[in-house]
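Below is one structure; the comments refer to it alone.
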Amino acid sequence: MKLAFVFPGQGSQYVGMGKEAFEAYPEAAGVFSLADEILGFPLSRLCFEGPEEALNDTLNTQPAIFVVSLALWEALRKRMGLDNVLFTAGHSLGEYTALAASGAMDFEEGLKLVRTRARLMKEAGEKNRGGMVAVIGADPKKLEEICLEISASTGLCLKVANHNSPEQYVLAGAREALDRALLALKALGVRAIPLRVSGAFHTELMAPAQDGLREALSEVNFRPASPPVVANTSARPIREPEEIREELATQLTRPVLWKESVEFMARSGVEAFVEIGPGKVLTGLIKRTIPEARAFNIGKPQDLEEFARLMET
């Protein structure tokens with residue numbers, strides 16, 4: 001069975017995540033201990049015990065999800081061969097996890113980079129106040145029209161920031177522009193859900209973070225990714241260090257093409273998608289994009305053991 005391993009982004013966090021893996025697997029415990037040492041504070045305790053408000057702070061959320069996902073990944077790696085993995089991929093932050101899983105950067109460099117990214121994105125969100133809204137069941141062309149009309153009439157940023165599935169897109173932009181978009185969507189009878197995030201991610205309102213991120217990326221010793229990582233901004237595989245650097249820098253201000261990435265992987269021979277990390281967000285999006293796809297979630301030890309047994313048969 002040809003596989004793609006996929007990794008979640010911000011929004012999948014919850015208090016208690018990773019605790020069972022920490023207790024069940026020495027490999028996972030080692031990842032948490034190393035993360036605490038690298039960061040200089042007990043990130044593991046924040047994951048396991050909260051408080052929720054601190055865990056939901058972008059500055060902590062991104063490294064926490066990165067660490068939990070890679071702790072589960074290390075435990076899985078010890079239990080099965082990975083020769084049949086065609087691609088890795090991740091949603092926004094998850095792209096960093098995917099690159100680490102594909103060997104493109106080591107854990108310490110990756111964790112420091114994710115922490116820097118989180119700080120820069122939080123600061124950009126404080127400078128350029130904005131938000132994000134998930135939209136369910138709207139025609140994507142109509143969403144683009146709404147964004148263009150509101151941006152043209154107000155001069156404010158409003159973009160389709162995430163292509164999550166055929167039924168779910170995410171708008172991001174200035175708060176006033178989003179308020180206008182919510183009224184337009186309500187008039188169309190379309191369901192829209194404001195997201196609890198600290199900025200308009202994947203739009204030009206994140207531009208203040210780009211210079212700092214490029215500087216941080218220039219100091220990372222990237223290696224060729226194997227297997228290749230399907231990039232958020234192009235929905236195509238990348239492998240070489242320079243294209244990885246450019247992807248991570250431009251990803252901040254460009255849409256996440258998750259739907260298109262899943263479709264590409266399916267067309268390229270992937271027979272099953274395996275989400276590794278907290279929550280089940282990507283598993284749901286994959287099934288909505290390709291209803292016949294086989295999709296598995298590994299968020300807890302029982303999930304991991306069931307999947308490892310399946311792969312042995």
What pairs of donor and acceptor atoms, side-chain ones from residues 303-310 against any protein atom, are under 3.5 angstrom apart with sequence neighbours left out?
unit_1, atom_1, unit_2, atom_2, d
D303, OD2, G299, N, 3.1
D303, OD2, K300, N, 3.0
E305, OE2, Y25, OH, 2.7

Test item: [X] and [Y] side chains (from C-beta on) under 4.5 Å apart, heavy atoms:
X    : Y    : answer
M265 : L86  : no
I150 : L156 : no
P278 : P8   : yes
K122 : D57  : yes
F5   : L76  : yes
W258 : I286 : yes
L213 : L113 : yes
V270 : K2   : no

Can you list, pair by pair, the side-chain donor-acceptor contacts under 3.5 Å of residues 62-71, counting residues two or more places apart and other chains?
unit_1, atom_1, unit_2, atom_2, d
Q62, OE1, R117, NH1, 2.8
Q62, NE2, Q10, OE1, 3.0
S69, OG, I65, O, 2.9

Gap separating the [atom1] atom of [X] from the [atom2] atom of [Y], nearest 0.5 angstrom:
X    : Y    : atom1 : atom2 : value
R214 : L248 : CZ    : CG    : 10.5 Å
M121 : T58  : CE    : OG1   : 7.0 Å
I193 : L185 : CD1   : CG    : 11.5 Å

Next item on the list: Step by step, work out the salt bridge (charged side-chain N to carboxylate O under 4.0 Å, His left out) result for K78 and E74.
Entry: CA-CA 7 Å; K78 299 291 182 183; E74 286 298 327; 5.3 Å; no

Please name all residues satisfying salt bridge (charged side-chain N to carboxylate O under 4.0 Å, His left out) with [X], sequence neighbours left out, ordered by chain then number.
X    : answer
K142 : E145
E52  : none
E242 : R245

Salt bridge [X]-[Y], side-chain N to carboxylate O under 4.0 Å:
X    : Y    : result
K141 : E144 : no
E176 : R180 : yes
E27  : R79  : yes

Linked, directly or transitively: [X] and [Y] (ILVMFWY side chains, under 4.5 Å):
X    : Y    : value
V6   : L3   : no
F107 : F41  : yes
F22  : M17  : yes
V197 : V256 : no
Y14  : L46  : yes

Determine the minimum heavy-atom distance between [X] and [Y], stating which atoms define it.
X    : Y    : result
Q210 : A249 : NE2-O, 2.9 Å
L72  : A21  : CD2-CB, 3.8 Å
L99  : V229 : CD2-CG2, 3.7 Å
G90  : N232 : O-ND2, 2.7 Å
V230 : A235 : CG1-C, 3.8 Å

Contacts of type side chain to side chain donor-acceptor pair (under 3.5 Å), residue [X], not counting sequence neighbours:
X    : answer
N56  : Q13
T61  : none
N60  : R115
T116 : none

Checklist line | salt bridge (charged side-chain N to carboxylate O under 4.0 Å, His left out) pairs, two or more places apart, involving residues 261-277 | finding: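 Non-adjacent pairs meeting salt bridge (charged side-chain N to carboxylate O under 4.0 Å, His left out): K259-E263.
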
Note to self: Test: ring pair (Phe, Tyr, Trp, His ring centres under 6.0 Å). Region: residues 195-218. Which pairs qualify, not counting sequence neighbours?
What the structure shows: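 Every pair satisfying ring pair (Phe, Tyr, Trp, His ring centres under 6.0 Å) with a residue in residues 195-218: there are none.
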
Show every donor-acceptor pair shorter than 3.5 Å between a side-chain atom in residues 218-226 and any protein atom, with sequence neighbours excluded, or say none if there are none.
unit_1, atom_1, unit_2, atom_2, d
S218, OG, E215, O, 2.6
R223, NE, G103, O, 3.1
R223, NH2, G103, O, 3.3

Check: Do H91 and F7 have ring centroids that are under 6.0 Å from one another?
Finding: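 No, they do not, as the ring centres are separated by 6.0 Å or more.
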
Item checked: K287 (side chain) donor-acceptor with A293 (main chain) under 3.5 angstrom ->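 At least one qualifying donor-acceptor pair exists.
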
